[in-house]
Amino acid sequence: MSNNVTVVCGGGGFIGGHLVADLRRQGVGPIRSVDVKPFDGWYQRFEGVENLVLDLQDKAACDRAMDGASVVYNLAADMGGMGFIEHNKALCMLSVLINTHLLMAARAAGVGRFFYASSACVYNGDKQKDPSITGLREEDAYPALPEDGYGWEKLFSERMSRHFREDYGLQTRVARYHNVYGPEGTWDGGREKAPAAVCRKVIAAKLSGRHEIEIWGDGQQTRSFMFIDDCLKGTQMLTHSDYVEPINIGSSEKVSINQLVDIVEAIAGLTLKRNYKLDAPKGVNGRNSDNALIQKIFGWEPGIPLRTGLEKTYAWIYDQMVSSAKSK
Ligand code: NAD
């Protein structure tokens with residue numbers, strides 16, 4: 001059988017679900033979507049897609065997932081925001097089994113392109129101590145001092161992807177995503193990231209009339225946030241390109257967490273009293289994407305303004321909260 005299937009691993013999750021939607025819009029087919037979660041827990045579910053519930057930590061499951069595959073996007077990982085990754089380091093590191101077994105199965109199946117979703121968490125922590133950081137360049141991953149747990153797994157899996165390409169000719173591509181946000185993502189339950197958490201807290205304050213918000217850390221830590229549409233574009237561009245080194249896919253619009261709250265408050269049309277929880281997980285002090293390399297290689301970088309993406313995300317989370325309140 002010739003290989004012609006596009007496989008999205010982690011298709012029941014946030015980025016994977018949007019990627020399947022985008023591939024369908026483009027008429028790509030056949031598509032297979034794989035996730036460990038029970039099917040009714042997938043964030044987005046599509047007809048006309050081969051949807052498989054499999055645990056990709058298991059090698060036999062990876063063999064099944066890679067059967068007839070030509071293009072593979074590995075977006076499957078046990079992950080979440082700072083609150084999750086700081087308290088679940090072993091779980092995060094076990095995702096090494098997913099990428100390792102997928103690479104082995106992809107090699108055996110003769111896959112043409114294999115995309116791996118790495119993260120800005122691979123960057124050396126010493127370069128992220130200052131909130132006024134200018135931006136992390138790709139070479140800043142070494143000497144290695146990544147985020148403990150989650151970041152080490154990502155860095156190791158990046159290298160595994162590199163060596164499968166160098167030693168076995170499997171065409172791997174690696175993106176270092178910087179915070180991705182948008183509708184149809186995690187917004188509560190403990191795995192959510194800052195943009196969704198802030199939207200949820202502001203909406204809760206608006207709906208309850210209790211005009212206060214808890215902020216993790218002192219609010220001065222800086223980040224950049226990439227809207228999902230930019231992530232999808234960059235991911236597919238990289239996967240089908242000849243560029244083989246890990247590359248940043250992230251926004252370079254740096255904001256402090258306080259500024260993030262300002263924007264969401266403006267969308268909601270209210271101002272809240274801020275309570276800073278200084279002992280909460282807050283991650284590094286400063287992180288931003290340096291986009292010189294992606295500009296050089298692709299003449300493009302993620303550019304959807306934070307305010308534009310947050311308006312869409314806020315509206316979606318608002319609907320979720322109102323409809324879940326009604327169903328209670
Ligand atoms: P997500 O948690 O929404 O999606 C990941 C999916 O992988 C989940 O649906 C989960 O059930 C699935 N999964 C976990 N273990 C599995 C297993 N053993 N077998 C099969 N499926 C399994 O996360 P996301 O935001 O969509 O992230 C996708 C990828 O991008 C991950 O690798 C993540 O580390 C990476 N990444 C995301 C961000 C971000 O800001 N969202 C930033 C950097 C990197």
Side-chain angles (χ1 to χ4, degrees), residues 7-21 32-45 51-62 64-66 72-82 84-85 88 91-102 105 115-123 136 146-147 149-158 161 174-197 223-228 230-232 234-235 246 248-251 283 287 289 302 309 313:
V7 184
V8 178
C9 302
F14 166 51
I15 301 173
H18 281 287
L19 181 59
V20 172
R32 180 180 299 147
S33 181
V34 188
D35 205 287
V36 72
K37 286 189 290 204
F39 189 55
D40 62 6
W42 292 25
Y43 291 161
Q44 301 189 65
R45 296 186 291 271
N51 296 303
L52 298 180
V53 175
L54 292 173
D55 181 353
L56 293 172
Q57 290 195 9
D58 177 53
K59 173 65 166 50
C62 291
R64 169 69 186 91
M66 295 296 97
V72 175
Y73 295 93
N74 178 15
L75 299 158
D78 224 335
M79 63 89 67
M82 279 321 297
F84 178 79
I85 66 177
N88 295 278
L91 269 188
C92 289
M93 292 202 85
L94 280 170
S95 295
V96 76
L97 295 174
I98 301 176
N99 200 56
T100 304
H101 287 148
L102 276 175
F115 170 86
Y116 175 63
S118 184
S119 162
C121 288
V122 301
Y123 285 115
L136 292 157
E147 180 84 37
Y150 178 74
W152 275 107
E153 190 279 320
K154 290 291 185 196
L155 197 61
F156 179 87
S157 291
E158 280 191 3
S161 302
V174 175
R176 292 182 184 147
Y177 290 155
H178 292 243
N179 284 303
V180 190
Y181 72 98
E184 312 279 359
T186 311
W187 57 274
D188 69 352
R191 288 183 185 241
E192 64 279 13
K193 297 183 151 210
R223 293 290 184 279
S224 71
F225 300 99
M226 165 169 60
F227 190 60
I228 183 67
D230 275 335
C231 174
L232 298 176
T235 298
N248 283 334
I249 301 187
S251 164
R287 177 176 290 164
S289 181
T313 309

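Just follow the structure's listing: the first ligand is 1, and inside any ligand the first atom is 1. A quick note: this is a predicted structure, and the numbers were derived from the prediction, not measured.
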Angle between ring planes, Tyr181 versus Phe225, binned at 30° and 60°: parallel, tilted or perpendicular? perpendicular

Please determine if Ile98 has a nitrogen or oxygen closer than 3.5 Å to a nitrogen or oxygen of ligand 1. no

Would you say Tyr43 and ligand 1 have an N/O pair spaced under 3.5 Å apart? no

Going by distance only, is there an N or O of Val36 that falls short of 3.5 Å from an N or O of ligand 1? yes

So, using side-chain contact (heavy atoms from CB on, under 4.5 Å) as the criterion, who are the partners of Ala76 when residues are at least two apart? Cys9, Leu56, Asn74, Ile98

For ligand 1, which part of Tyr150 has a heavy atom less than 4.0 Å away: the side chain, the backbone, both, or neither? side chain

Polar contact flag for Lys193 and ligand 1 (N/O pairs, less than 3.5 Å): yes

Tell me which protein heavy atom sits closest to atom 1 (P) of ligand 1, plus the residue, atom name and distance to 0.1 Å. Phe14 N, 4.0 Å

Closest heavy-atom pair and its distance - Glu153, Cys92: CG-O, 3.6 Å

I'd like to check whether Ser119 has a polar contact with ligand 1, where a contact means an N/O of the residue lying under 3.5 Å from an N/O of the ligand. no

Would you say the side-chain atoms of Trp42 pair up with the backbone N or O of Gly17, donor to acceptor, closer than 3.5 Å? no

the protein heavy atom lying closest to atom 8 (C) of ligand 1 turns out to be Asp35 OD2, 3.5 Å

Taking Asn248 for the side chain and Leu136 for the main chain, is one N or O donor matched with an acceptor at less than 3.5 Å? yes

Using distance alone, decide if ligand 1 has a nitrogen or oxygen within less than 3.5 Å of any nitrogen or oxygen in Ser118. no

N or O pair under 3.5 Å between Asn74 and ligand 1: no

Test your reading of the structure: does Gly13 have an N or O sitting under 3.5 Å from an N or O of ligand 1? yes

Students should be able to answer this: which protein heavy-atom is nearest to atom 31 (C) of ligand 1, and at what distance? Leu75 O, 3.5 Å

Salt-bridge contact Arg45-Asp35 (side-chain N to carboxylate O under 4.0 Å): no

With nothing but distance in play, are any N or O atoms of Ala76 less than 3.5 Å from an N or O of ligand 1? no

Pair Met66, Arg32 - check side-chain contact (heavy atoms from CB on, under 4.5 Å), show working. CA-CA 9 Å; Met66 295 296 97; Arg32 180 180 299 147; 6.0 Å; no

Close N or O approach (Gly10, ligand 1; < 3.5 Å): no

Where does Ala120 meet ligand 1, judged by heavy-atom distances below 4.0 Å: at the side chain, the backbone, both, or neither? neither

Between Lys154 and ligand 1, which residue portion shows a heavy-atom distance shorter than 4.0 Å: side chain, backbone, both, or neither? side chain

